[in-house]
Every structure is written in C-alpha cells, then in structure tokens.
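Worksheet: one structure, shown below.
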Amino acid sequence: MNPATPAFSAAETNRYSRHLLLPEIGAAGQQKLKAANVLVVGCGGLGCPVLQYLAAAGVGTLGLLDSDTVDDSNLQRQVLYATTDVGRPKAVAAAEKLQAQNPFIALQSHQVHLTSANALALFQAYDIVVDCSDNFATRYLVNDACVILGKPLVFGAIFKFEGQVSVFNYQGGPTYRCLYAQPPAAGEAPSCAEIGVLGVLPGLVGTMQATETLKIILGLGEVLSGRLLLVDALGMRFQTMRFNAVAANQQLTALAPDYAAFCGELPAEVMPVRAPELSADELKEWQHSGRPLQLLDVREPHEYALRHIGGQLVPLAQLPEQLAHLNTTVPVVVHCASGVRSQQAAQLLLAQGFAEVYSLRNGLADY
Ligand SMILES: Nc1ncnc2c1ncn2[C@@H]1O[C@H](COP(=O)(O)OP(=O)(O)OP(=O)(O)O)[C@@H](O)[C@H]1O
C-alpha cells in the first residue's frame with residue numbers, strides 16, 4: 001500500500017487527529033505507523049509503557065513476547081495489569097488491555113521463553129524489536145538475532161534509580177556487543193527482584209524506548225544510534241555517551257547455542273548444590289528456642305538501616321574476606337531481601353567447610 005494514501009475510517013481519523021495535525025507525521029506518517037510490525041520482548045516493567053504508547057499511537061501490529069505470569073509484586077510498576085490479573089500470562093493479559101485501548105490494531109501474543117531455538121523464527125515477521133527483558137542472556141540473544149536478520153533494536157534497561165536507552169543495529173550502526181563486549185560476571189549485576197527498583201523508573205525509560213520506536217517508523221528526528229542515554233532519576237540528570245561500531249559484531253551469521261552459559265549461568269547439572277533453606281516461621285521458632293545460631297545479613301548497609309532482624313551485617317561482596325570472623329561449627333542462617341544473595345552466600349559458606357548453613361527462603365520479604 002502507498003504509505004501516503006490515508007486509509008483510515010472516520011473513527012481512526014478522529015482517534016489519531018493530534019498526530020494528523022502534525023506536519024511531521026500527518027496522514028502519511030500515521031499510515032506508516034499502521035503498516036508497522038513491532039515485537040516487544042518482555043511485557044514487564046519496561047514492556048508495559050512501551051506497549052501502551054505504541055498501541056495508543058496506532059502501530060498496526062504489536063507482538064507481545066513473555067513467558068511469565070503476573071505476580072502481585074509486579075503491580076508496583078507493570079501498569080497494564082490489575083490485581084485480578086495476578087497468575088495470568090502477561091502476554092495474554094496485556095494483549096486484552098491493549099486491544100480494549102485500541103481496537104484498530106492487531107496484537108500477537110507469544111507466550112514463550114525466547115531461546116536460540118525460536119528467536120530467528122519469531123523475529124522474522126517484525127520490522128523492529130524492542131528489548132524490554134531483564135537479563136543479560138536474553139539481551140545478547142535479542143541483539144544477535146537482530147544483527148543476523150538486519151532489524152533495528154530499541155534497547156532499555158533499569159537498575160534501582162537509573163536507566164539506559166539506546167538503539168542498536170540501526171542503518172549499519174553499532175550493536176549491543178559494540179557497547180558491551182562481555183556480560184558482567186555472574187552476581188555482579190543483581191536483578192530488580194533482588195535489589196529493588198523505583199516503580200516509576202520503567203515508565204520513564206520505557207516511554208523513551210517507545211519514542212525511539214516511533215521515530216524509526218516515522219523517519220523522524222535523530223535516532224539514538226551510536227549513543228547511550230544514561231538516566232539518573234534521583235539527580236534527574238540525563239547524559240549521552242557515544243560509542244562506535246566494531247565491524248566483527250555486525251557480521252554475525254549464527255546465534256550462539258547457549259546464551260545463559262555465555263553469561264556465566266551454569267547449567268543445572270553443574271550448578272553448585274543449593275544450600276538448604278529455612279522458612280521465616282522455622283527461623284522464628286529457632287530464635288525462640290535459644291539454640292545456638294549465627295544470623296548473617298548479607299544485604300547492603302543502607303538496606304539494613306531501613307529494616308533488620310538483628311544478626312551480623314556482612315554484605316555479600318565482603319563475605320569472602322570476613323570468613324575468619326565466623327565460627328565454622330555454629331549453625332549459620334543467612335538472609336537477604338528476597339533469598340537470592342543469601343543462597344549464594346550460603347553456598348559459599350558450605351564450600352568453605354561450614355558445617356550447617358541455611359538460607360532464609362524469600363528473605364526478609366517473608367519474615
Ligand atoms: N527469554 C525470555 N523469554 C520470555 N520472556 C522473558 C525473557 N527474558 C525476560 N522475559 C520477561 O521480561 C519481563 C521483564 O520484566 P521485569 O524486568 O519487570 O521483571 P519481572 O520478572 O516481571 O519482575 P521481577 O524481576 O521484579 O520479579 C518479565 O516479564 C520476563 O518474563
């Protein structure tokens with residue numbers, strides 16, 4: 001179809017009237033939006049605002065890829081979901097909300113986990129991919145699939161109060177690998193589930209991703225290619241850093257077989273044995289019994305200051321050098337915010353010869 005030909009119903013013309021008024025968009029631009037196919041990988045914190053604004057703007061086909069279900073801890077920031085959606089697949093619940101918001105667009109739910117085995121086939125049908133995932137294995141996989149298929153990739157990431165936005169593989173521009181040649185060491189970059197995130201931050205970063213996506217479709221402005229936007233919500237400061245393409249990263253021909261392994265996630269069969277866990281009730285019972293116990297809090301001092309249940313504070317990163325101050329023969333219960341860092345710490349203690357070590361299941365969240 002000729003993108004310059006307006007093919008809108010009266011209801012669409014009215015709906016998109018504020019776009020149609022802009023000479024930079026107009027009927028031709030709105031037609032480009034209607035003809036566009038955009039895949040959003042991850043319908044969580046970032047995915048929700050990206051999807052909401054792309055749907056409202058009239059992007060004709062939106063793919064929603066997510067393997068997860070809605071958890072009540074998602075509702076603090078994943079604004080497409082209601083309390084009644086808890087337990088439902090995100091790709092399905094989000095599609096319902098978006099279809100109600102805009103009946104003139106098509107929504108494709110992909111309720112799958114993205115892997116090397118399905119990425120190329122899934123991406124094929126889309127013009128642009130927006131990465132709203134939350135882990136490094138998926139980010140490298142999404143990048144490589146976009147490079148192989150020659151698709152622009154709109155990237156966003158959040159951490160506590162900070163965010164990053166960029167556009168990769170745009171018209172021969174640099175890729176995610178040009179910016180980050182190697183993933184961080186396992187445990188070096190904790191997830192939102194572990195470290196927390198300001199609820200509005202994905203809204204801030206996700207709307208920037210949506211903006212870049214619309215600019216790419218419309219051919220408007222200066223796309224954020226070869227530039228990384230750094231968002232500091234606490235200082236409300238925005239900085240841009242330039243980076244260059246590395247030719248080898250733009251010439252990938254095949255996906256890696258296992259992105260989790262590339263990112264240092266060990267396969268289940270060689271994972272260190274998980275330390276035994278204790279429930280919050282079991283810990284409370286132990287504390288009341290007076291049986292000897294070393295209670296270890298492996299969070300950061302600022303988290304401890306906010307709330308603690310006693311015990312010794314030894315942030316996870318400092319644990320290896322603090323081992324000499326602990327008694328290897330007295331049982332140890334390690335806890336953190338949600339049970340992830342404490343599991344790592346408990347495994348370390350067991351490997352160092354501590355006789356009896358437990359990790360508090362779900363951390364302070366359950367206590
Ligand atoms: N490889 C993947 N395949 C499918 N979905 C993915 C993949 N990687 C990440 N996701 C999805 O991306 C979304 C990221 O959202 P977000 O960062 O808000 O995390 P969350 O898992 O919903 O929340 P939390 O980590 O706090 O529990 C999640 O819904 C997750 O299921």
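Atoms within a ligand are numbered from 1 in the order they appear, just like the ligands themselves. Only a predicted model underlies this, so the values are computations on that prediction, with no experimental measurement involved.
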Structural part of [X] in contact with ligand 1, heavy atom criterion under 4.0 angstrom:
| X | result |
| --- | --- |
| A137 | neither |
| D71 | neither |
| L114 | both |

Protein contact to [atom] [nearest heavy atom, distance to 0.1 Å]:
| atom | value |
| --- | --- |
| atom 12 (O) of ligand 1 | G42 CA, 3.4 Å |
| atom 21 (O) of ligand 1 | D134 OD2, 3.5 Å |
| atom 8 (N) of ligand 1 | N135 ND2, 3.0 Å |
| atom 22 (O) of ligand 1 | K90 NZ, 2.6 Å |
| atom 25 (O) of ligand 1 | A193 CB, 3.7 Å |
| atom 15 (O) of ligand 1 | G44 CA, 3.3 Å |
| atom 6 (C) of ligand 1 | S67 OG, 4.3 Å |
| atom 1 (N) of ligand 1 | T138 OG1, 3.0 Å |

Purely on distance, is any nitrogen or oxygen of [X] under 3.5 Å from one on ligand 1?
| X | result |
| --- | --- |
| L65 | no |
| G45 | yes |
| R77 | yes |

Taking only Lys NZ, Arg NE, NH1 and NH2, and the carboxylate oxygens of Asp or Glu, determine whether [X] and [Y] approach each other closer than 4.0 Å.
| X | Y | value |
| --- | --- | --- |
| E303 | R341 | yes |
| K34 | E12 | yes |
| D134 | R139 | no |

Is a donor from one side chain sitting under 3.5 angstrom from an acceptor on the other, for [X] and [Y]?
| X | Y | value |
| --- | --- | --- |
| S359 | S342 | yes |
| S73 | D71 | yes |
| Y358 | E356 | yes |
| N102 | Y16 | yes |
| K90 | Q78 | yes |
| D281 | S279 | no |

What atoms of ligand 1 come within less than 4.0 Å of a heavy atom belonging to [X]?
| X | answer |
| --- | --- |
| C132 | 12 (O), 14 (C) |
| V112 | 3 (N), 4 (C) |
| N74 | 22 (O), 23 (O) |
| S133 | 8 (N), 9 (C), 12 (O) |
| Q78 | 16 (P), 18 (O), 20 (P), 22 (O), 23 (O) |

message = For atom 29 (O) of ligand 1, tell me which residue out of L64, D66, D68 has the closest non-hydrogen atom.
response =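 Comparing heavy atoms across L64, D66, D68, the nearest one to atom 29 (O) of ligand 1 lies in D66.
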
Non-hydrogen atom of S73 closer than 4.0 Å to ligand 1 =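 No, S73 has no heavy atoms under 4.0 Å from ligand 1.
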
ask   = For the residue pair Y304 and H308, does the interplanar ring angle fall in the parallel (under 30°), tilted (30 to 60°) or perpendicular (over 60°) class?
value =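 Answer is parallel, since the angle falls under 30°.
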
inquiry  = So, taking the atom named CG in N74 and the one named CG in D85, what distance separates them when rounded to the nearest 0.5 Å?
reply    =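 It is 10.5 Å, given to the nearest 0.5 Å.
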
message = Looking only at the aromatic ring of each residue, does the gap between the centers of Y176 and F168 stay below 6.0 angstrom?
response =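 Between Y176 and F168, which both carry aromatic rings, the centre distance is below 6.0 Å.
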
message = Please check this pair: side chain of Q294 against backbone of V330, looking for a donor-acceptor N/O pair closer than 3.5 Å.
response =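 Indeed, once roles are kept as given, a pair shorter than 3.5 Å links the two residues.
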
